Amino acid sequence: MAKKLNIAVTGLNAIDSPGPGIPVIRALKDSKEFDVRIIGLSYETLEPGIYMHDLVDKTYQIPLPSGGQDILLQRLAYINEQEDIDVLIPNFDAELFSFIKLEDYLKKSMGIHMCLPTIDQYEQRHKVNLNEFGDKHGIKVPKSKMIFSTAEINGLMDEFSYPMVIKGKFYEAAVAYNYEQAATHFNKISAKWGLPIIVQEFVYGTEVNVTAIGDGKGTTIGAVPMRKLYITDKGKAWAGITLDDQNLMDLTTNMIGSSKWRGGLELEFMKTKDDEYYLMEINPRFPAWVYLAVGAGQNHPEALVKMALGEDVTPFKDYEVGKLFIRYAYDMIVDLKEFEQISTLGEL
Amino acid sequence: MRIKKNIAISESGFIFNPAVGDSYSTNPIGTEIIKMLKESKSVAEINSYILNTYQVEASSFEKDLYDFVKMLEKYKLTETDGQEA
Amino acid sequence: MKKQYERPVISQLNTGVMNKFGTKTEFTPTSHIDDNAVKDLLKEYGSPLFVMSERTIRSTYKQAVRAFKTRYPKVQFAWSYKTNYINAVCNVFHQEGSWGEVVSRFEYEKALNNGVPGNKIIFNGPDKTDDDLITAIKNESPIHIDHLDELYRLNELSEELNIRPQVAIRVNMDTGVYPMWDRFGFNYENGQAWDAINKIMLADKMDLRGLHCHIGTFMLAPSAYGIAAGKMSDLAIGIKQKYNKDIQYIDMGGGFATKNTLKGSYLPGADICPSFDDYAEVISTAILNAGFKENELPLLILETGRAMVDDAGSLLGTVISNKRLSDGRRATILDFGVNVLFTAFWYDHKISPAQDFSHYTENTVLYGPLCMNIDVVRENITLPPMKRDDQVVVHRVGAYNITQSMQFISLRPAIVMIDMEGKAHIIKQRENRETIEMNEVLPEYLKAFKL
């Protein structure tokens with residue numbers, strides 16, 4: 001009989017630049033081993049997942065990471081009293097720091113289990129530390145540098161040339177072809193996400209990504225590589241296809257092996273004409289396209305839940321090559337009452 | 001001055017303006033005031049109700065009510081009677 | 001019985017574009033500080049008012065000492081006077097065992113006057129006059145040399161006085177942090193530091209007792225201290241090899257961050273501030289692994305100021321008025337501004353109301369009372385609907401505010417300290433016209449006028 005579990009999930013923003021929450025929930029609902037009740041955790045009142053009652057059983061608003069851990073903890077304590085959460089899966093980069101810090105406490109005092117990277121892994125894979133991470137684990141990374149003011153851009157010309165990529169600490173990146181563009185992007189992105197800004201060498205090639213999960217001891221529990229077939233104007237995958245790419249799989253298992261990565265992650269690579277792979281970014285959580293892995297035969301979110309609960313997980317052996325995902329938009333019809341309730345009471 | 005007829009306010013302080021689709025949230029005392037305005041109660045009536053019900057000085061409520069009504073106007077939730085306009 | 005009143009508020013839901021993180025924040029009121037009601041304190045001592053918690057100072061100090069002493073055998077803290085030099089505060093630190101660390105003659109004399117022995121007052125900073133140096137030499141105070149002019153002058157003075165000054169050199173270095181503080185002391189990477197050491201050792205007129213560095217301020221990355229401690233240890237071991245001289249202490253300076261939130265930081269300071277244990281771990285590890293013989297390990301001196309006292313200070317104040325700005329934003333005017341809360345220039349201070357409210361909030365700009373456009377306490381904060389005479393508490397203001405506050409337009413507030421038993425003591429009176437005019441001299445011919 002399937003085991004009953006209450007699982008809290010963030011990232012219900014299934015919008016044009018989607019969070020991974022809904023795909024993770026679909027994966028968990030597909031599980032044969034678990035019978036899950038899903039508790040949505042939302043930051044905004046218009047996150048579509050709040051209103052998707054066939055997937056999300058109940059949603060609670062939670063405070064922003066910028067509100068601090070104390071407030072988050074108070075809110076989680078309240079939610080846990082109502083829902084008795086077994087496992088929590090955070091899906092946003094910016095909230096992970098707080099959840100990693102709270103992991104032990106949540107487990108001991110509230111019985112909420114998570115399976116997250118360690119704080120060191122989280123910091124090391126950070127954009128600003130990626131060069132060091134690459135050196136340590138033998139992966140090529142485009143040259144990048146932190147800057148704190150636009151005045152530093154011209155000083156970089158010994159090491160960088162245009163085009164270059166201007167990236168925010170947490171989100172957003174833009175390609176700059178000259179100083180003016182670089183300065184504009186710098187100002188725009190720093191206003192939103194703060195300093196520093198990362199300047200990165202622009203690498204030409206095809207973007208290939210891997211969604212994977214590590215057990216924290218060096219074993220890769222699962223990994224599925226994908227190439228984006230169609231990209232939105234925000235750079236998000238609209239459609240993608242699973243690949244048979246041994247180099248990519250080797251890079252992934254080596255990286256997870258040497259870093260002893262714990263939990264879900266997404267590796268974004270650029271594959272050049274000469275078949276060289278540059279690691280562009282590591283996202284310390286599942287990507288929004290993680291359901292493709294489920295479709296190809298590897299239910300990573302289910303494995304993550306087992307790991308969170310301390311169960312043994314057998315690594316996945318293979319996956320179906322040539323499976324596609326095609327994302328689609330869908331207009332739900334929602335009653336004003338529901339919007340009112342989440343807006344005023346913070347739960348729905 | 002009164003609240004536009006088509007503006008709905010619920011017990012939880014949720015206000016919806018169907019003409020433009022914007023929603024607002026107000027606290028319990030704001031809810032009471034809006035309801036009274038909807039019932040075309042005069043400022044004097046609102047004043048006397050609030051002063052009798054809550055611990056507040058007349059002068060400080062006068063300022064707060066003025067500010068609140070200004071915000072209602074800013075959000076275009078009010079309309080003026082013919083003679084007042 | 002009439003109901004509790006709260007100002008009516010209305011706010012638009014979901015204004016602006018939807019982003020990943022929305023805008024909602026929450027608050028909890030702070031009605032008491034160490035068992036004293038905020039409203040009682042303000043009633044008794046006037047508003048605004050600085051409150052220092054002796055309990056918090058002592059417990060913070062003990063945490064810091066524990067973090068270092070459990071990892072490294074010889075540790076000494078020195079109280080950084082510039083961080084907060086109210087005598088009562090200094091003496092709490094001295095009672096706990098702190099030496100003094102000063103950067104001016106004024107601070108030096110404060111420390112002497114507080115009873116700190118001369119040989120336990122570290123004299124830092126680029127500005128020391130001949131008279132300052134002579135006094136410090138005679139008192140055997142450790143003088144931390146900032147530049148070559150000072151080094152040469154000390155050599156001369158040692159001959160004149162026929163006393164060997166007790167010195168350390170200040171070293172600056174690249175620890176991978178931005179900005180690099182290379183304006184103080186001698187650079188490690190380009191050999192200036194070695195050059196200064198050689199000059200001291202070869203002239204043989206001073207006792208080179210220690211090495212000092214201070215790599216920056218509000219350092220959120222403990223790893224930089226590991227790099228610095230490693231480089232300092234290299235220098236000390238190099239001195240031992242070249243001159244067979246044991247360096248008695250390594251002074252790692254200060255710069256530890258606090259839980260305040262720097263402007264532009266996405267996460268609140270409380271979530272990202274490293275603990276004393278984090279700093280202690282990297283510093284101790286670097287020195288212990290540097291290759292000193294066990295009996296030759298230098299004393300580790302720390303001059304951390306901000307992290308020791310920030311949490312212990314609160315600023316209490318009162319709402320003067322509310323107004324609506326032309327764009328509809330709410331503005332609240334408080335009776336304190338950047339004149340007394342200097343750190344408002346770089347922190348988004350945590351500010352709590354001192355009384356209960358419902359959970360309804362609105363976004364507000366907090367202004368100070370000065371007739372100056374720059375007098376902004378918080379550009380944007382979510383607070384409950386506060387009204388005139390409501391009171392607020394600004395948290396974590398124990399560092400730098402009292403010492404950097406300006407007597408500008410209005411008078412500086414009183415300061416009280418709440419002792420271990422919860423009793424409040426006045427430790428600095430509120431300024432008045434007489435105290436401000438005490439040093440003014442009005443020429444006789446300007447005394448009279450007719451209007």
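Predicted, not measured: the structure shown is a model, and the values here were computed from it. Labels below follow one simple rule: chain letters A, B, ... track the order of the sequence lines, proteins then strands, and each chain is numbered from 1.
- Here the CG atom belonging to Leu65(B) is positioned 8.5 Å from the CZ atom belonging to Phe68(B), to the nearest 0.5 angstrom.
- For the side chain to side chain donor-acceptor pair (under 3.5 Å) test, residues two or more places apart in sequence or in another chain that qualify with Glu39(B) are Lys41(B).
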Between chain B and chain A, which N/O donor-acceptor pairs sit under 3.5 Å?
from: Ser10(B); atom 1: OG; to: Glu340(A); atom 2: OE2; distance (Å): 2.6
from: Ser12(B); atom 1: OG; to: Glu340(A); atom 2: OE2; distance (Å): 3.1

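- Nearest heavy atom pair, residue Cys115(A) against residue Leu304(A), reads O-CD1, 3.7 Å.
- Residues Ile50(A) and Val56(A) are not in side-chain contact: their nearest non-hydrogen atoms beyond the backbone lie 4.5 Å or more apart.
- Counting all heavy atoms, side chain and backbone alike, Ile38(A) lies closest to Leu28(A) at CD1-CD1, 4.2 Å.
- Within 6.0 Å of NZ on Lys35(B) lie more than 12 heavy atoms contributed by other residues, nucleotides or ligands.
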